[in-house]
Amino acid sequence: MLSSTCTAAVRGLSTTAQLFKINNVTVIGAGLMGSGIAQVSANAKLNVVVVDSNQSALDKAQKGIESSLQRVAKKKHADDAKAQTALVSSVLDRIKMSTNVSDSVKDADLVIEAIVENIDIKRKLFAEVEAAAKPTTLITTNTSSLRLADIGLNLKDKTRFGGLHFFNPVPMMKLLEVVRHNDTSDDTFQKLMEYGKAVGKTTVACKDTPGFIVNRLLVPYMFEALRLYERGDASMPDIDVAMKLGAGYPMGPFELSDYVGLDTCKFIMDGWHKQYPDEVAFKPSPLLDSLVDAGKTGRKSGEGFYKYK
């Protein structure tokens, strides 16, 4: 049996856990993903700080969030201009911008990293975050391709580290993959699931496996389409049409690859192939490599598998 002192301590711990609530969110990275995460967090009435080393990126993010909110407001309050203005203002008032990481995380209940997919840069950032944040702060990454165990290798407390993989565009896409690695505590994982639901996402749980759920299935699928074409089994347009009409996909694999960015597809697969060189599904594509080398990275460059105006 527990002594009265132990019982009181357990009750105190339980109360502390119950009282913990995510109110302050710091998003590091002011790109499309970071901006979207900030928007949905602020829309859920959370206080948000967006951090980036580049002031022009923060200015661009501010404008992008405002434009996105205006579209949402017009759709939600089509015939009420005052309601539209109020919605936009109320969300923007909860978002602040900063170029200082340490200052921005000291009061954060949750930190979400959404920077470049470079493991060394991420590790350096997380060392700074952990040193400046509260001992209760949850620390997460929005990585789409790197393993959490590798990113958080040098964290002193890995129990508070997890993954929140949003999808682009964040305000529109309903899914959030909540990822745990071997050291993520049950309490941390549960709080991350609750945060996801609070910002209006449907959450799915996944372990720390390459690509998690969506990308682990989607990226090899796109590469298998490439291999099908490289063997001469079918043309790109026919493969795209077949998957749209036969499987009900909104885009075929080549259209989707161009939309995602061929350089992004290559980056993900190169990383997986390096880690798992014997995995056939992670085998690189010579055609994709040649297109990326030529600067043909898809829609954003005007040409990839297809040409765009």
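Computed over heavy atoms, backbone and side chain alike; hydrogens, waters and symmetry mates excluded.
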Inset, instruction - Measure the shortest side-chain to side-chain distance between Leu262 and Ser257 over non-hydrogen atoms and say whether it is less than 4.5 angstrom. - result: yes
Legend entry - Rounded distance [0.5 Å steps], NZ in Lys134 versus CG in Asp107: 6.5 Å
Legend entry - Closest non-hydrogen atom pair, Arg216 against Pro210: CD-O, 3.1 Å
Legend entry - Closest non-hydrogen atom pair, Val40 against Lys201: CG1-NZ, 4.2 Å
Legend entry - Flag if over 12 foreign heavy atoms under 6.0 Å of NZ, Lys122: yes
Inset, instruction - Could you grab the distance from atom NZ of Lys96 to atom CG of Asn24, nearest 0.5 Å is fine? - result: 9.5 Å
Legend entry - Reference residue Ile139; test side-chain contact (heavy atoms from CB on, under 4.5 Å); the match among Thr26, Ile112, Thr188, Val129: Val129
Legend entry - Nearest atoms (heavy-atom pairs only) where Gly162 meets Leu148: C-CD2, 3.4 Å
Inset, instruction - Salt-bridge test for Lys156 and Glu130: reply yes if a basic N is under 4.0 Å from a carboxylate O, no otherwise. - result: no
Legend entry - Test side chain to side chain donor-acceptor pair (under 3.5 Å) applied to Thr159 and Asp157, step by step: CA-CA 6 Å; Thr159 64; Asp157 182 3; 2.5 Å; yes
Legend entry - Other residues, nucleotides, ligands: >12 heavy atoms within 6.0 Å of Met172 CE: no
Legend entry - Flag side-chain contact, heavy atom, 4.5 Å: Asp240 against Met251: no
Legend entry - Side-chain ion pair, Arg227 and Glu224, N-O less than 4.0 Å: yes
Legend entry - Salt bridge flag under 4.0 Å for residues Asp289 and Lys266: yes
Inset, instruction - Report the C-alpha separation of Leu288 and Phe305 in whole Å, then their side-chain angles, then the decisive distance to 0.1 Å, and conclude whether the side chain to side chain contact (heavy atoms under 4.5 Å, CB included) test is met. - result: CA-CA 9 Å; Leu288 181 70; Phe305 293 124; 4.0 Å; yes
Legend entry - Where Thr264 and Val260 come nearest, the two heavy atoms and their spacing: OG1-O, 3.8 Å
Legend entry - Parallel, tilted or perpendicular, as decided by the 30° and 60° cut-offs, for the rings of Phe282 and Trp272: tilted
Inset, instruction - May I ask you to say whether Asp109 pairs ionically with Lys191, meaning some side-chain N is under 4.0 Å from a carboxylate O? - result: no
Inset, instruction - Give the ring-plane orientation class for Tyr308 versus Tyr306, where under 30° counts as parallel, over 60° as perpendicular and anything between as tilted. - result: perpendicular
Inset, instruction - Mind running side chain to side chain contact (heavy atoms under 4.5 Å, CB included) on Gln39 and Ser35 for me, showing each step along the way? - result: CA-CA 6 Å; Gln39 179 180 324; Ser35 298; over 6 Å; no
Inset, instruction - May I ask you to test the Ile95-Ile65 pair for a side-chain heavy-atom distance under 4.5 Å? - result: yes
Inset, instruction - Would you tell me whether Glu177 and Asn215 have side-chain atoms, one donor and one acceptor, within less than 3.5 Å of each other? - result: no
Legend entry - Distance-minimising heavy-atom pair for Glu117 and Ser145: OE2-OG, 3.0 Å
Inset, instruction - Could you tell me whether Leu32 atom CG has more than 12 heavy atoms of other residues or ligands within 6.0 Å of it? - result: no
Legend entry - Check against side chain to side chain contact (heavy atoms under 4.5 Å, CB included), Ile28 and Leu125: CA-CA 9 Å; Ile28 304 177; Leu125 172 65; 3.8 Å; yes
Inset, instruction - Working to the nearest 0.5 Å, report the span between CZ of Phe212 and NZ of Lys207. - result: 14.5 Å
Inset, instruction - Run the salt-bridge test on Lys274 and Asp270 with the 4.0 Å N-O cut-off and return the result as yes or no. - result: no
Legend entry - Parallel, tilted or perpendicular: ring planes of Phe126 versus Phe161, cut at 30 and 60 degrees: perpendicular
Inset, instruction - Answer yes when Arg231 and Asp233 have at least one side-chain N-carboxylate O distance shorter than 4.0 Å, and no when they do not. - result: yes
Legend entry - Considering all heavy atoms, the nearest Ile213-Cys206 contact: CG1-SG, 3.7 Å
Legend entry - Pairing of Lys300 and Asp263 as salt bridge, 4.0 angstrom limit: yes
